[in-house]
Amino acid sequence: MSPTAIRADLPRRDAEDKLRGRTRYAVDSSRPGMLHAALRRADVAAGRIVRIDTTQAQAMPGVRAIVGAEEAPGRYGVGIADHPLFATGEIRYHGEPLVAVAAETLEQARAAAAAVVVEVEPYDAHLSMADALAAEAREVHPGWRDYEVLHEGGQREGNIAWEASVVRGDTDAAFARDDVVIVTSEFTAGRQNQAALEPRVCVASYEDGRFVLETSTQVPWSVRNNTATLLGISPSAVRVVVPAVGGGFGGKFEVSCEPFAALLARASGRPVRVAYSREEEMLTSVARENAEIRIRSAVTRDGEIVAREAVVLLDCGAYGGEQIFLTSMTAHTLCGNYQLGSVRLVSRAVYTNTAPTGPMRACNGPSATFALERHTDEICAAIGMDRFAFRRRNVLGDGDLGSTGQVFQGDVLGPMLDRMVALREAGPELPPADGRLRGTSTVVGMWAVGVGPSAATVNVNADGSVTLITSGVEIGSGSTIQAIPQIVADTLGVRAEDVVVKAADTDAAGYDVGVGGGRTTVSLGAAGTAAGLDARRKLLDVAADMLEAAPEDLLLADGHVSVVGDPDQRLTVAAVAAHAQDRVGPISGSGSFASRREATAIPGCAAGHMVDALDIPIFAVHECDVAVDPETGHVEVLAYRVVQDVGIAINPRAIAGQIQGGVVQGLGYALHEEITIGEDGQIRQRGFESYRPPLVKDVVTVHSDLYEGAPSYGPLGAKGTGEIPILPVPAAIACAVADATGQQVQRIPLTPPRVLGLLLDDIEGPVDLTHLASDWRGNVLGDVEARLAAAASY
Amino acid sequence: MVAVAEAELYLPSSLQDALRVLADGGGAAVPLAGATWAMRAVLRGEELAARYVALSGLDELRTVEVAADGSLAIGACVTHARLGEAVADQPNLRGLHDAATKAANAAVREAATVGGNLSVAAFPAADLVPALLCLDAEVELARPDGNERVSLERFLQLRSELAPGTVLARVHVPAGRLRTAHARLPLRVAGDYPVAIVSVALDVAADGTVARAAVAVGSVEAVARRWPELEAELVGKPVGAEAAAVAAKALSATFHGREGIEAPGWYRVSVLPTLVRRALTALSGQEGNQ
Amino acid sequence: MTIELTVNGETRTVTAAPLTPLAEVLREELYLTGTKQACGEGFCGSCTVLLDDAAAPSCLTPVGMAAGKAVRTIESLAPGMSELSPLQQAMKDADAVQCGMCFPGILMGLTALLARQPEPTEDDVRTALSGHLCRCTGYARIVDAALSVCVPAERGV
């Protein structure tokens, strides 16, 4: 291992231009002759499209192209291809695109879009999951049976877009034991908007029969492939290039504005920019989903959890999108963390007539962990056990079974809890009492590194520099621009700054799932490592000839190849690369990565899961101290502590930055950021006046401790570090607020009105989940009895 | 419908010039001060005016004059930031100072003006309105044919129906031996509009009892207003934050909190006693303008 | 209409409707894309520029009202090959930058603070920053870097 590139707080190479205002994001891109685009969106939540007439709009000043559903015949999706580009036949959410217009100026495009005549016969909209699940409820997708299924295995029925379930052990017997206490808890969690400062934006051109999309995305290949699907063209006709991205957080993990830009560029013959306004971002981002959760456990008096059952509803909005996949994750986030004697869980993505939701940083992890950890505290209260001691007793350890029967390796959470005690004791004292209600909490959380395919190419240039070519985009975390070159430099014995990172371009680099799921450092890092090692082998072969030594006797470090035991015998990497270029051709290496699929569930445990076991789990322990103003409901976070499992810290300072940023985003979800849906089906928070991410005076400096050494097959043992910092935050806050107030906290976000409502006379009342069947079986599709009977044996 | 590309901006040479253009324009020409409200018209789904008359470049509207007796004449185009600086050393205007220096955020305070803050009828969370209401401020309305002074309370009723060519030119704050405070409650610590505001001005007699009290409440209802019932409770008693909060609680049913995206009506009313206590605590240490 | 602006010390003539946001003119006409326009309603601070040395939300500033005033954008802090300003350097040294979208506004907001108040207190600095939304960093390093440059006690004065 080269000491120069790993565990090193290397500065970011992109910082200086960002500070000078010179970095060009996609939103800063413009081209000669570029047109501007606007979408005409639905202004009802549900209805049949009677007529769309663009005649008048076509004649408006400056208009150069108008496109609609006829130009985009395809449907895309994650598990089910249910999502057309434009509303087709019927409208399923307020804000759904109907027509796209390109004009010389943005104002002209908007005026023309407004002039499109739209006639709709409205339906009663399903604005909540309770509405959508009511008996005889109208189906949001009457044609759901005919949709192409992209991933088999999920149960589907009416407005249940997808159902995943887990059964392990004899839950009936365990719940019936006479030595257990049964605790039932119910929770709801709101939506959260990613609110990246750069909106979703694309500048498209149509060149030589191909679409060139310069866009702000986390997933260049997904944009390429899904644009082609929607337009009904070959994926090879789409090229996606991605400059620096001004924040993603999951909001750019799906195709979005790119196909509109592509169609308009082709129709007009001009470059076209589609840039979503902040209002469009607020109303139509693939926000973190709202969720409804019931969780019930049977626990012995000495704290053993003998059974757990859960019902989870995830509101996917009008289209299934990523929620189809994410039903897989609640097995791990809601029924993870702890040893369970037996478990049954059903997780449903539910169609409603609301804007589609999607993946936001750690996805359903924050809401599920909120529910799980509040439930855990309610268990502790019910059996009279200390909350820390209960967790220390029950967290997953080496050889323990997860909910799906996966065998976990290594004692990680237990020692991390012990480290938290040390971190707490080393921390600063809290401010003195001031009349507000004080509360504290310790919570645990579990997430996973999103593995999945990546490719990398490494060119070793004759000047000794290295060019790294991947489809990784830099969304701000520094993984692509800094961590991966550090890893590649390590394989080639060069300095990290000698590794040039090529911006993502699907014409240049091979397939990649995308930057998200905390996978960048692991997956792209592993592909980069493989490419680096491939180039290294070629480099050493050439050097061996030059030095008249065997390749295995050579050492590659500090920009030189030397002979072991004879340090005078050495050549620069540049000299070797130049020699190679002349004699055998330039040196390049290629590498790739895919999930090793090492972790396995017990067969039969999980149904409808795209991920039934976690290749690389990640753990976190969070603690906070809060003060609650009993008169206004304001919650002040006095101190916040994190112990995070990182595998190995490639760049410790960068990880600490991810922890601070992730925790603060979590504080937003826990305390400030609220999304509500009006009676018309439109999201009410249309901008940053009413949608309130934390500002500087709302945050604290997080004290963190990086826990190294937990197993990971990532490069050098690395794990993804960017997602999990947000995951336990709502749990930590909610548990601390419950501790401070003595109230049963069932909802997030804990805005001041909500907290004051709890303290006054429970103004909101208990959470109403009466649309769930009281018996767990009643919430499950398919032959549930047969599955339960089979599960009793494993 | 007027597009941004079509809307005109007139830069007048004097206030008289502005008044003339506004009067000639009828309803199609409207005054523009800091522009921070007007520039969001499209986002609010509102129509633009055909012509905006920019007042903020007029020096005669950009001064804060402090008379020998301590009374103030604040030009309508004085920004929040300049107002905050101008009254920073006035011990009897702590409330006005806090209203001017805590509203919105630093950059907006450099643009948003006193006149704009008082004139926008659709903005219930304006900080300066309650702060000036409890100072018994008057506004000076300029018209082509002469100026007129009306109470701020009266102006709040008139402001949506002013005849074209009528412009809020100055705000007059009478001298007073007052202790003042401005308690505002945003949902975050800073940076958003307050969901409720209590501004208080007390004239405290030599014996420590309240001789005259003015309490104004903003953001709770659609338009800020005085709280006469609470004022009556405070008079004749020593300055007492706790007692005032208790009185406020008993009297808060006189308010009908407005429902909003950010907070329900009941919440705005519920926090009033706390804001009253905070305001009185803030001013209890003040000396007044002896 | 034709409007004459003074931008970063140079006279620039632009053709724009007078109610066009200054931010849009800077970005779309003058290609000074360092100024961002992330919310368009004065709540995120990403469009902050200097107007006659005071911080201004350029998304809410009609370009017609900026005529005759000195406009300064992020591009002026360290023009050409010149070194980073102390504020920029402090942000770089603190590894404060992530996606980077908020920094131009933050740097101009702090520059305005120092222009008006050469020796601000810690609370002044936090107050100046409280109109700036950063979605990535959680602010801690931005605050520390800003304090190290802005507050006399922090910089050892």
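Residue numbers begin at 1 in each chain, while the letters A, B, ... track the order of the sequences. All values below were derived from every heavy atom in this structure, side-chain atoms included, with hydrogens, water molecules and symmetry-related copies excluded. Everything numeric in this text was worked out from a predicted model, so none of it was measured.
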Q) Does the distance from a Lys or Arg side-chain N to an Asp or Glu carboxylate O, for R12(A) and D95(C), drop under 4.0 Å? A) no

Q: State whether the side chain of Q98(C) and the backbone N or O of G657(A) hold a donor-acceptor pair below 3.5 Å, judged by distance alone.
A: yes

Q | Top contributor to chain A interface from D144(C), V143(C), T127(C), L32(C) [non-hydrogen pairs under 4.5 Å] | A | T127(C)

Q | When G476(A), A656(A), G687(A), G668(A) are compared by non-hydrogen pairs under 4.5 Å with chain C, the top option | A | G476(A)

(Q) Which one wins on heavy-atom pair count under 4.5 Å against chain C: L695(A), V664(A), D698(A)? (A) L695(A)

Q: Just give me the residue among G131(C), G34(C), G138(C) that pairs up with chain A most often, heavy atom to heavy atom, under 4.5 Å.
A: G138(C)

Q) What part of R141(C) gets closer than 4.5 Å to chain A, counting heavy atoms only: side chain, backbone, both or neither? A) side chain

**Q.** Modelled atom types, side-chain donor and acceptor of Q88(C) and E16(A), under 3.5 Å
**A.** no

Q | Partner chain A: residue of L84(C), L87(C), L129(C) with the largest heavy-atom pair count (under 4.5 Å) | A | L84(C)

Q) When rounded to the nearest 0.5 angstrom, what distance separates SG in C39(C) from CD in E279(A)? A) 12.0 Å

(Q) For V245(A), which atoms come within 4.5 Å of any heavy atom of chain C: side chain, backbone, both, or neither? (A) backbone

(Q) As an exercise: rank G247(A), G248(A), P693(A) by heavy-atom pairs under 4.5 Å with chain C and give me the winner. (A) P693(A)

Q | Nearest heavy-atom neighbours spanning F688(A) and C44(C) | A | CD1-CB, 3.9 Å

Q. So which of R20(A), R692(A), K697(A) has the biggest tally of heavy-atom pairs under 4.5 Å with chain C?
A. R20(A)

Q: For residues L19(A) and Q89(C), determine if any side-chain heavy atom of one lies less than 4.5 Å from a side-chain heavy atom of the other.
A: no

**Q.** Heavy-atom proximity to chain A below 4.5 Å, by part of S130(C)
**A.** both

Q) So, the side chain of Y139(C) versus the backbone of P694(A): is there a donor-acceptor pair under 3.5 Å, distance only? A) yes

**Q.** Exercise: identify the closest heavy-atom pair between S30(A) and Y31(C)
**A.** OG-CE2, 3.4 Å

Q | Minimum side-chain heavy-atom gap V696(A)-I142(C) below 4.5 Å | A | no

Q | Residues T137(C), Q660(A); criterion side-chain contact (heavy atoms from CB on, under 4.5 Å); working and verdict | A | CA-CA 6 Å; T137(C) 70; Q660(A) 176 74 29; over 6 Å; no

Q: Counting only heavy atoms closer than 4.5 Å, note whether A195(A) contacts chain C via side chain, backbone, both or neither.
A: both

Q | R135(C) and E673(A): CA distance, side-chain angles, deciding distance, salt bridge (Lys or Arg N to Asp or Glu O under 4.0 Å) verdict | A | CA-CA 12 Å; R135(C) 193 55 160 164; E673(A) 297 175 31; 2.6 Å; yes

Q: Quick one: closest heavy-atom pair of G246(A) and C99(C), and the distance?
A: C-SG, 3.4 Å

Q. Once you round to the nearest 0.5 Å, how far does OG of S277(A) lie from CD of E41(C)?
A. 10.0 Å

Q: Over all heavy atoms of both residues, which pair between P104(C) and G21(A) is shortest? Give the atoms and the distance, please.
A: CG-CA, 4.4 Å

Q) Looking only at heavy atoms, what is the nearest atom pair of K92(C) and A15(A), with distance? A) CG-CB, 4.4 Å

Q) What part of D93(C) is in contact with chain A, defined as an atom under 4.5 angstrom from a non-hydrogen atom: side chain, backbone, both or neither? A) backbone

Q. Of all heavy-atom pairs between F249(A) and C136(C), which one has the smallest distance, and what is that distance?
A. CZ-SG, 3.6 Å

Q. Chain A contacts: which residues in residues 59-77 of chain C have a non-hydrogen atom closer than 4.5 Å to it?
A. I74(C), E75(C)

Q. Between the main-chain N or O of F43(C) and the side-chain N or O of E689(A), is there a donor-acceptor pair closer than 3.5 Å?
A. no

(Q) Rounded to the nearest 0.5 Å, what separates atom NE2 in H132(C) from atom CG in L197(A)? (A) 11.5 Å

Q: State, yes or no, whether a side-chain contact exists between K36(C) and D28(A) at a heavy-atom distance under 4.5 Å.
A: yes

Q | Top contributor to chain C interface from E198(A), R653(A), E107(A) [non-hydrogen pairs under 4.5 Å] | A | R653(A)

Q. Between E28(C) and chain A, which part of the residue has a heavy atom less than 4.5 Å away: side chain, backbone, both or neither?
A. side chain

